[in-house]
Amino acid sequence: MRSKINPEISSARLPRGHRIPHSDSVRISKVPAEHLPAERNSHSLVRNNPNRPLRIMKFGGTSVGNASCIQKVIEIIRAALTESDIVVVVSAMSGVTNKLIEAAVQSEAGNREAVACIFAEVRKQHEIAIHTLIHSDAKRNRISQQMNVLFQEGERLCEGTMLLQELTPRARDSISSLGERLSAPLVAAVLGENGVVSECIEATELIVTDSYHGGAEPWMDLTREACEARLHPVVQQGIVPVVTGFIGANEEGVLTTLGRGGSDYSATILGAALNADEVTIWTDVDGLLTADPRLVPDACLIPEISYREAAELAYFGAKVLHPKTLYPVMQRGIPLRIRNTFAQERPGTKITPEGSANGGEVTALTAISDAALIIIGGPGLVGVQDVLGRTFATTAAVRADVLLISQSSAQNDVCLVVPTTVAKRTVEALRHEFAHDLAHEKVEHITLDSTVAIVTVVGQKVRGTSGIVGRTFGALGRENIDVIAIAHGASACNISFVVAQKEMKAALVATHQEFQLGEAASSVLKAGTAEPATWYYESARATAEAD
Ligand code: ADP
Ligand code: ASP
Ligand code: MG
């Protein structure tokens with residue numbers, strides 16, 4: 001399948017050179033089949049060299065944020081190529097997606113100068129990297145020209161938005177996708193510069209999705225076929241594909257995006273489609289930590305964790321993984337690792353079907369700060385038919401993820417929590433759905449409070465261990481933190497509760513301390529190796545907020 005977006009670029013191949021000169025080339029040693037990860041399933045594509053494991057390596061925005069970071073990425077890929085076939089997935093350089101979305105928004109508002117300014121900044125960021133990393137004039141010109149075509153396309157899309165004074169979801173996706181479409185050819189060119197034969201491939205050629213712009217879902221069968229036809233032969237030829245994260249295309253070839261932070265999801269989608277042996281997410285922290293280190297400074301590395309726990313952490317806000325990252329690999333038993341691009345010697349976190357046998361009752365905490373509480377209430381609610389069914393049908397119709405729900409039987413109030421980004425449209429849709437009941441005072445109110453946060457306690461044994469709920473609320477009580485709502489029991493391994501946004505950090509710190517996560521996690525490391533997780537803090541701090 002071909003993309004309708006910029007066919008010149010998507011079909012263009014970066015100079016492969018011929019076979020890499022021997023002295024410069026990456027040595028390839030064979031790994032015996034018995035060293036392949038045991039969890040792997042058997043329904044694999046037939047690969048040319050079944051003895052070499054296939055790894056998907058995804059590098060996030062900070063990992064490709066500037067020339068020196070990209071140089072580290074190249075080292076990691078070169079080292080990995082000695083024993084595996086590699087498919088690389090890259091995010092946009094850090095800060096770029098945010099800037100592009102800002103350009104799209106400014107275009108809709110008609111602010112031509114602001115848009116030009118943003119494009120100038122993004123161009124500069126890429127040009128500096130090209131000039132530092134690519135040494136021959138001819139190669140530099142070639143990649144600069146490729147990027148020019150992309151910048152012109154972005155500028156045209158912004159022009160169109162200005163003209164229409166409307167930013168359609170499709171245009172927003174196309175504009176925000178430019179970051180990955182720029183970083184992938186850059187990384188491929190730098191790999192070439194370093195003797196690794198590589199090819200940039202746009203994921204519009206690989207990941208087939210539905211048409212839901214801004215949060216598209218993959219059609220896995222079609223994606224598998226596309227990967228078999230387009231990606232697999234490239235790997236077979238010993239070429240390293242560098243694939244754009246974050247994006248896909250619908251069946252008509254129209255570009256879609258998988259949602260913010262979606263490059264992690266791209267990596268596991270490709271991992272599942274190719275039945276890879278492992279997927280590694282390279283980022284700016286040592287791995288999955290017991291809490292977000294920006295909020296809980298003594299957060300520690302979790303060496304091994306189960307799919308289930310990691311999926312809960314991702315879903316309930318741990319930014320290190322896109323919420324849907326785990327699903328594609330869970331179904332196939334493909335292990336996922338999280339590692340630090342800036343501390344390559346560290347083992348990172350391994351996410352496996354069963355997780356660690358030594359884990360404590362509580363493994364980690366996470367929080368969603370931008371949550372909104374909606375309450376549908378009133379004493380007359382008891383007489384309203386099918387309140388829950390109608391509520392969920394409505395939230396589904398506006399594609400609002402319900403993060404938590406609780407219901408009181410006395411008052412018959414129903415309370416649900418959704419991401420703030422969808423709160424307004426959810427409340428509007430609910431008021432529309434219950435308009436008749438509101439008019440007849442059966443439903444008294446549908447209220448919205450956008451100043452809440454959800455805190456989630458995750459652990460394999462959360463449900464089976466008595467006292468965890470008590471200890472959690474005891475710790476919160478000691479800090480005078482009010483719990484607004486709670487959900488527990490549906491999942492075997494989490495407790496989620498709602499607090500005021502301004503108390504979220506204190507709630508995390510108190511709970512982290514109560515379960516001694518700063519110490520418990522490191523105690524599963526061998527004695528002597530326990531140390532607090534480090535992260536690429538100084539430079540990451542500036543960018544972790546800004547993708
Ligand atoms: P990338 O650009 O590599 O995709 P992200 O910024 O999306 O990286 O994710 C990495 C960030 O996630 C870290 O810098 C950290 O601040 C944040 N984070 C939140 N929760 C956790 C957690 N439990 N473990 C590790 N990192 C976390
Ligand atoms: N660049 C995209 C974003 O910032 C996707 C990603 O980084 O994973 O959301
Ligand atoms: Mg990310």
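Counting convention: from 1, in listed order, for ligands and their atoms alike.
With respect to the salt-bridge test (charged N to carboxylate O, under 4.0 angstrom), the residues Arg260 and Asp370 do not qualify.
Taking both residues in full, the closest heavy atoms of Ala92 and Ser183 are given as CA-OG, 3.8 Å, listed atom of the first, atom of the second, then distance. Scanning both residues, Ile101 and Ser176, for their nearest heavy atoms gives CG1-CB, 3.7 Å. The two residues Gly214 and Asp173 come nearest to each other via the heavy atoms N-OD2, 3.1 Å.
Of the possible donor and acceptor atoms, none in the side chain of Thr161 sits under 3.5 Å from a partner among the backbone N and O of Leu167. A donor-acceptor pair is defined here as one N or O able to donate and one able to accept, closer than 3.5 Å; such a pair exists between the side chain of Asp277 and the backbone of Leu54. The main-chain N or O of Ser369 is found under 3.5 Å from a side-chain atom of Gln501 such that the two form a donor-acceptor pair. With hydrogens and angles disregarded, a donor-acceptor distance shorter than 3.5 Å links the side chain of Thr244 to the backbone of Ala203.
Not a single heavy atom of Gly60 sits less than 4.0 Å from an atom of ligand 2. Heavy atoms of Gly179 stay at 4.0 angstrom or farther from ligand 2. The closest approach between any non-hydrogen atom of Asp284 and ligand 1 is below 4.0 Å. At least one heavy atom of Lys58 sits closer than 4.0 Å to an atom of ligand 1. Every heavy atom of Gly261 sits 4.0 Å or more from the atoms of ligand 1. Not a single heavy atom of Leu313 sits closer than 4.0 Å to an atom of ligand 1.
Of the N or O atoms in Ser63, none lie within a sub-3.5 Å distance of an N or O in ligand 1. The shortest N or O to N or O distance between Ser91 and ligand 1 is not below 3.5 Å. The shortest N or O to N or O distance between Leu288 and ligand 1 is not under 3.5 Å. On a distance-only criterion, Gly317 and ligand 1 share no N/O pair closer than 3.5 Å. Any N or O atom pair closer than 3.5 Å counts here, and Pro293 shares no such pair with ligand 1. For ligand 2, one of its N or O atoms has an N or O atom of Ser263 under 3.5 Å away.
For His512, there are no ring pair (Phe, Tyr, Trp, His ring centres under 6.0 Å) partners, not counting sequence neighbours.
Less than 4.0 angstrom separates some heavy atom of Thr62 from each of these atoms of ligand 1: 2 (O). Residue contact check: Ser91 has heavy atoms under 4.0 Å from atoms 6 (C), 7 (O), 8 (O) of ligand 2. Residue Lys319 has at least one heavy-atom neighbour below 4.0 Å for each of these atoms of ligand 1: 5 (P), 6 (O), 7 (O), 9 (O), 12 (O), 19 (C), 20 (N). Listed by number with element, the atoms of ligand 2 under 4.0 Å from a non-hydrogen atom of Phe246 are 2 (C), 5 (C). Close approach of ligand 1 to Arg294 (heavy-atom distance below 4.0 Å) involves ligand atoms 16 (O), 17 (C). Near Thr283, with a cut-off below 4.0 Å to any heavy atom, the atoms of ligand 1 are 1 (P), 3 (O), 8 (O), 10 (C). Short contacts between ligand 1 and Ala291, defined as distances under 4.0 Å to a heavy atom of the residue, involve ligand atoms 22 (C), 23 (N). Ligand 1 places these atoms under 4.0 Å from at least one heavy atom of Ala318: 20 (N). Within ligand 2, the atoms closer than 4.0 Å to a non-hydrogen atom of Thr97 are 1 (N), 2 (C), 3 (C), 4 (O), numbered from 1 in the order shown. Contact atoms of ligand 1 toward Gly287: 24 (N), 25 (C) (distance under 4.0 Å to a heavy atom of the residue).
Contacts between Ala299 and ligand 1, counted as non-hydrogen atom pairs separated by less than 4.0 Å, are absent for every part of the residue. Under 4.0 angstrom from ligand 2, the non-hydrogen atoms of Glu180 all belong to its side chain. By the criterion of a heavy-atom distance under 4.0 Å, the side chain of Val285, and not its backbone, is placed next to ligand 1.
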(request) Quick one: do Thr465 and Glu361 satisfy side chain to side chain donor-acceptor pair (under 3.5 Å)? Show the steps, please. (result) CA-CA 7 Å; Thr465 313; Glu361 302 138 354; 5.1 Å; no
(request) Could you check Glu217 against Tyr265 for side chain to side chain donor-acceptor pair (under 3.5 Å), going step by step and ending with a plain yes or no? (result) CA-CA 10 Å; Glu217 274 302 316; Tyr265 195 26; 3.0 Å; yes
(request) Walk me through it: do Ser63 and Thr341 pass the test side chain to side chain donor-acceptor pair (under 3.5 Å)? (result) CA-CA 6 Å; Ser63 301; Thr341 304; 2.8 Å; yes
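Taking the six-membered ring for Trp and thresholds of 30 and 60 degrees, Phe119 and Phe151 have ring planes more than 60 degrees apart, a perpendicular arrangement.
Residue-environment remark: CZ (Arg339) exceeds the threshold of 12 foreign heavy atoms within 6.0 Å.
The residue from Thr366, Leu289, Leu301, Thr349 that puts a heavy atom closest to atom 22 (C) of ligand 1 is Leu289.
Sorted by first then second residue, the salt bridge (charged side-chain N to carboxylate O under 4.0 Å, His left out) pairs that include residues 491-511, not counting sequence neighbours, number zero.
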